[in-house]
S.K.: 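Okay, handing you the structure first.
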Amino acid sequence: MTEPLECPSGPSINHPSLWDLKQFEQNWSIFVQTLMKEEASLLIPAARIRRQIEQCETFVEVHSNWQSIDAANRLGAWKRLLVAAEKACRNVLPVCARCGQCCRLGSPTLHLEDLRLLKEGKLPREKLITLRKGEPARSPFDAKPFILSEERIKVAEKQDSSECVFLIPEANQCSIYSERPLQCRAQACWDPLPARDSAEQPFLLRKHIFEGIEVLGEVMAQHENRCSFDSLSAAFEELGASKGENVGKVLELLAFEDHFRGFVSEKFAIPAPYLDLLLGRSFVRMAPLFGFRVVEEGGGARRLVPDSPGAQS
Ligand code: SF4
């Protein structure tokens, strides 16, 4: 709780009748956190429940009038608020409270049905990435990562974050809400069934997006042949097994993949942001998956630096 207040006529107390608005808000935050811990068995994100509670009439009324409620009535108002909060917490409404939590936990994977959004220009291609076969991925239904047996196309996430690029964080708003992908439309934190059903729908693949452009089909096949995710994984495994001796092989592979991307971008006039969709993320960007990051040394030289305890360069 907040620092006890000095009461001139007795011991220090922390009583609603003495709170200004700031202290009201501090105590409210503490109460909500305690409530969330008690309800930890709920699968629904705490931020979403808090949002629902703060949208209820009692909260809006008590919070906006707190300054003008006289001291004698503040305890009553506070108690009413606690009762309303506990009720809202146990009666999660089947509506989106726009807490933004599901958009912060990861971006959507696209399904064939979403191809329409790409064709109509509603889902810009430079905001999409391909996760290739063999890459680790996360499912919205299970926190444990799994290995992809087939590629997936996803909306990109913000740098060093799992937040979807379309989330406007200050407003908790989706910038493409009316044209959001199937997975987002199906996702409901109070009911996992629609999202599970949508996951049964066929996934969107690069061959659907670039259908009829033979040359790009050939580029993707060549890239997979020479720069598969498995080849990167094997090179890092060898690096680990050799206790850092085989670093040259990893660096060569990174350089080759970089060169491949540059060549494709130049020869086919494909802007760099589209390459994450056409070829997947670059090997350089994927080094952290193996506990390393790439440091540019100048003059084109590169060094691998351990990014996590236990990795060896
Ligand atoms: S596309 Fe919109 S609704 Fe879907 S995760 Fe991104 S911000 Fe959220």
Side-chain angles (χ1 to χ4, degrees), residues 36 42-55 92-132 135-146 148 150-206 208-210 271 273-278 280-281 285 289:
M36 296 294 114
L42 280 172
L43 295 174
I44 298 168
R48 185 257 183 261
I49 297 179
R50 179 168 187 163
R51 182 107 174 147
Q52 179 183 323
I53 295 173
E54 292 184 354
Q55 283 171 344
V92 178
L93 298 175
V95 288
C96 173
R98 305 184 85 167
C99 68
Q101 197 61 7
C102 47
C103 314
R104 289 191 173 87
L105 291 176
S107 62
T109 298
L110 302 187
H111 292 266
L112 193 50
E113 188 184 311
D114 298 316
L115 185 57
R116 173 189 66 82
L117 299 174
L118 272 79
K119 287 188 171 162
E120 292 171 3
K122 310 268 173 53
L123 209 47
R125 291 174 191 210
E126 69 273 20
K127 303 281 189 204
L128 306 181
I129 62 165
T130 298
L131 298 189
R132 291 190 292 150
E135 288 192 39
R138 279 173 284 122
S139 148
F141 312 113
D142 189 353
K144 238 169 78 188
F146 67 100
L148 287 174
E150 188 190 36
E151 71 181 37
R152 295 281 184 269
I153 313 281
K154 278 179 73 74
V155 168
E157 291 169 355
K158 293 175 188 167
Q159 199 176 355
D160 300 324
S161 148
S162 55
E163 190 171 300
C164 175
V165 286
F166 291 122
L167 180 71
I168 306 166
E170 321 74 59
N172 280 332
Q173 265 178 15
C174 169
S175 59
I176 56 160
Y177 191 77
S178 60
E179 302 290 354
R180 64 201 188 285
L182 172 67
Q183 186 182 314
C184 305
R185 283 183 275 126
Q187 196 143 316
C189 60
W190 61 93
D191 179 5
L193 281 182
R196 284 190 191 277
D197 285 349
S198 80
E200 301 293 316
Q201 300 298 314
F203 287 102
L204 182 66
L205 303 173
R206 285 177 290 176
H208 301 129
I209 299 176
F210 299 110
Y274 290 80
L275 291 178
D276 283 358
L277 171 62
L278 186 68
R281 290 172 296 170
R285 270 177 58 201
L289 292 177

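We count ligands from 1, going down the list as the structure has it; atoms in each ligand are counted the same way.
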S.K.: Going by the order shown, which atoms of ligand 1 are within less than 4.0 Å of some heavy atom of C184?
M.R.: 1 (S), 3 (S), 4 (Fe), 5 (S)

S.K.: Counting each atom of ligand 1 from 1 as listed, which ones have a heavy atom of C103 under 4.0 Å away?
M.R.: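 Within the 4.0 Å cut-off of C103, ligand 1 contributes 3 (S), 5 (S), 7 (S), 8 (Fe).
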
S.K.: Measuring from non-hydrogen atoms of P108 to any atom of ligand 1, is the shortest distance under 4.0 Å?
M.R.: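 So P108 counts as touching ligand 1.
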
S.K.: Check this for me, if you would: do E135 and R281 make a salt bridge, where the nitrogen-to-carboxylate-oxygen distance has to be below 4.0 angstrom?
M.R.: yes

S.K.: In the protein, which heavy atom is nearest to atom 2 (Fe) of ligand 1, and how far is it?
M.R.: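 Protein heavy atom at minimum distance: C174 SG, 2.3 Å.
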
S.K.: Is R180 positioned over the aromatic face of F166, cation under 6.0 angstrom from the ring centre and no more than 45 degrees off axis?
M.R.: no

S.K.: Closer than 2.8 Å to atom 6 (Fe) of ligand 1, do we get an N, O or S atom from C164, backbone or side chain?
M.R.: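 Looking at C164, which is the residue asked about, there is an N, O or S atom under 2.8 Å from atom 6 (Fe) of ligand 1.
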
S.K.: Under the criterion side chain to side chain donor-acceptor pair (under 3.5 Å), which of E54, R50, R48 is the partner of Q52?
M.R.: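 Checked E54, R50, R48 against Q52; only one passes side chain to side chain donor-acceptor pair (under 3.5 Å): R48.
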
S.K.: Under a 4.0 Å threshold between the charged nitrogen and the carboxylate oxygen, would E150 count as salt-bridged to R132?
M.R.: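 Salt bridge between R132 and E150, a charged N being under 4.0 Å from a carboxylate O: no.
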
S.K.: Are any side-chain N or O atoms of D276 and backbone N or O atoms of L128, one a donor and one an acceptor, separated by less than 3.5 Å?
M.R.: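 Side chain of D276 to backbone of L128, a donor-acceptor pair under 3.5 Å: no, none is there.
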
